[in-house]
Amino acid sequence: EQESNKEKVVVLGTSLFAPEVVDLIKDTGRYEVTAFIENWDQEKTKKPLLDRPVIWINNSESLVSTHKAICTIGTTQRKGFIEHAKSMGFEFAKVIHPSARISERSVVGKGSIISAGVIVAAYTSIGEHVIINRGSLIGHNTTIGDYVTISPGANIAGSTTIGQGSYVGIGAIVLDYKKIGTNVVIGAGAVVTRDIPDNVQVMGIPAKITKENIKGK
């Protein structure tokens, strides 16, 4: 397929996760990444990344009508960057790697990134601007809120709810019928065996609260 037939995309963010997402996008065959947009460190706009320009967000208005955006900030603090781009008029792409298996009875919101080897079972709802990283398993009848990050190899069982802005660490396990609140951080390798309230960090097996009054990761 020729590059000219592909939808043009700008990547929000220049962190280490950004090149990986460019790699995922290339595999979809659907989009062409033409530039990166930075909102944190203006120095980064002085040199290209992966042979593509890095543009300061306030100078990117000209791209709104021709490009969709996708945010590659791995932490749940990406919401501010996304809201800024949205206020400028950017529409958002949805990136689903061809090796991911998503049930046709499940839905994925715009701006979300579904990485290689992810499996999403039936009747599951994945919100907007969610990152589900490589090899994660998402059970049936599960609801994942907007701006959630699910790290590589996590296993989320069926009939589970994960609230907006929560972060699930690498290899964590959430048992079925559990309700995870908003802005929760589940540590790497933790096993969640009970409901988790809003704004806490949990770690360990079984997962216990180790920090309170947090706002995601």
Side-chain angles (χ1 to χ4, degrees), residues 12-13 15-18 20-21 39-40 70-86 92 100 102 106-115 117-121 123-217:
L12 306 182
S15 64
L16 289 175
F17 189 49
E20 181 174 349
V21 173
N39 75 334
W40 190 256
I70 190 84
C71 187
T72 62
I73 307 293
T75 75
T76 54
Q77 306 304 323
R78 61 184 171 274
K79 184 177 180 181
F81 200 171
I82 290 165
E83 293 289 342
H84 189 167
K86 202 182 286 185
F92 288 86
I102 297 174
S106 293
V107 294
V108 177
K110 65 185 177 183
S112 290
I113 298 168
I114 312 295
S115 190
V118 169
I119 297 177
V120 178
Y123 303 105
T124 282
S125 172
I126 293 167
E128 297 184 358
H129 309 291
V130 171
I131 294 174
I132 302 184
N133 218 322
R134 60 190 185 280
S136 292
L137 307 176
I138 313 295
H140 59 84
N141 298 92
T142 282
T143 301
I144 295 176
D146 299 343
Y147 303 106
V148 168
T149 296
I150 297 180
S151 301
N155 191 345
I156 312 297
S159 302
T160 294
T161 303
I162 299 181
Q164 179 170 315
S166 286
Y167 184 97
V168 180
I170 195 165
I173 296 171
V174 179
L175 300 190
D176 54 349
Y177 294 97
K178 298 300 169 278
K179 188 176 191 308
I180 311 299
T182 58
N183 303 316
V184 168
V185 174
I186 297 173
V191 177
V192 176
T193 59
R194 62 185 71 185
D195 291 355
I196 307 292
D198 298 344
N199 304 104
V200 299
Q201 173 183 289
V202 298
M203 300 178 78
I205 305 173
K208 291 185 170 63
I209 294 172
T210 54
K211 205 178 280 185
E212 298 184 356
N213 302 315
I214 64 166
K215 288 187 163 52
K217 179 169 171 134

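Everything quoted here is computed from the prediction, not taken from an experiment. Just so you know, these numbers use all the heavy atoms, side chains as well, and skip hydrogens, waters and symmetry mates.
Here the side chains of Val168 and Ser151 are not in contact, with every heavy-atom distance at 4.5 Å or above. In this structure the side chain of Asn213 never reaches within 4.5 angstrom of the side chain of Asn199, judged on heavy atoms. Here the side chains of Pro206 and Val191 are not in contact, with every heavy-atom distance at 4.5 Å or above.
Note that the NZ atom of Lys217 and the CD atom of Gln77 stand 10.5 Å from one another [nearest 0.5 Å]. Here Ser136 contributes atom OG and Ile150 contributes atom CD1; the two are 6.5 Å apart, rounded to the nearest 0.5 Å. Atoms OH and CG, on Tyr123 and Asn141 in that order, are 8.0 Å from each other to the nearest 0.5 Å. Within the model, atoms NZ of Lys178 and CD1 of Ile162 stand 12.5 Å from one another, a figure rounded to the nearest 0.5 Å. Once rounded to the nearest 0.5 Å, the distance linking CG of Asp146 with CD1 of Ile82 reads 9.5 Å. The CD1 atom of Ile180 sits 10.5 Å away from atom CG of Asp198, with the distance rounded to the nearest 0.5 Å.
No donor-acceptor pair closer than 3.5 Å links the side chain of Thr76 to the backbone N or O of Val148. A donor-acceptor contact shorter than 3.5 Å links the side chain of Ser112 to the backbone of Val130.
For Lys211, the NZ atom counts as loosely surrounded, since its 6.0 Å shell holds 12 or fewer non-hydrogen atoms of other residues, nucleotides or ligands.
Screening Ile119, Ile102, Thr149, Ile126 for a side-chain contact (heavy atoms from CB on, under 4.5 Å) involving Ile132 leaves a single residue, Ile126.
Heavy-atom minimum distance, Ala121 versus Ser106: O-OG, 2.6 Å.
Using modelled atom types, one finds no donor on one side chain facing an acceptor on the other under 3.5 Å when comparing Gln164 with Thr182.
Using cut-offs of 30° and 60° for the angle between ring planes, the Phe92 and His129 rings count as perpendicular.
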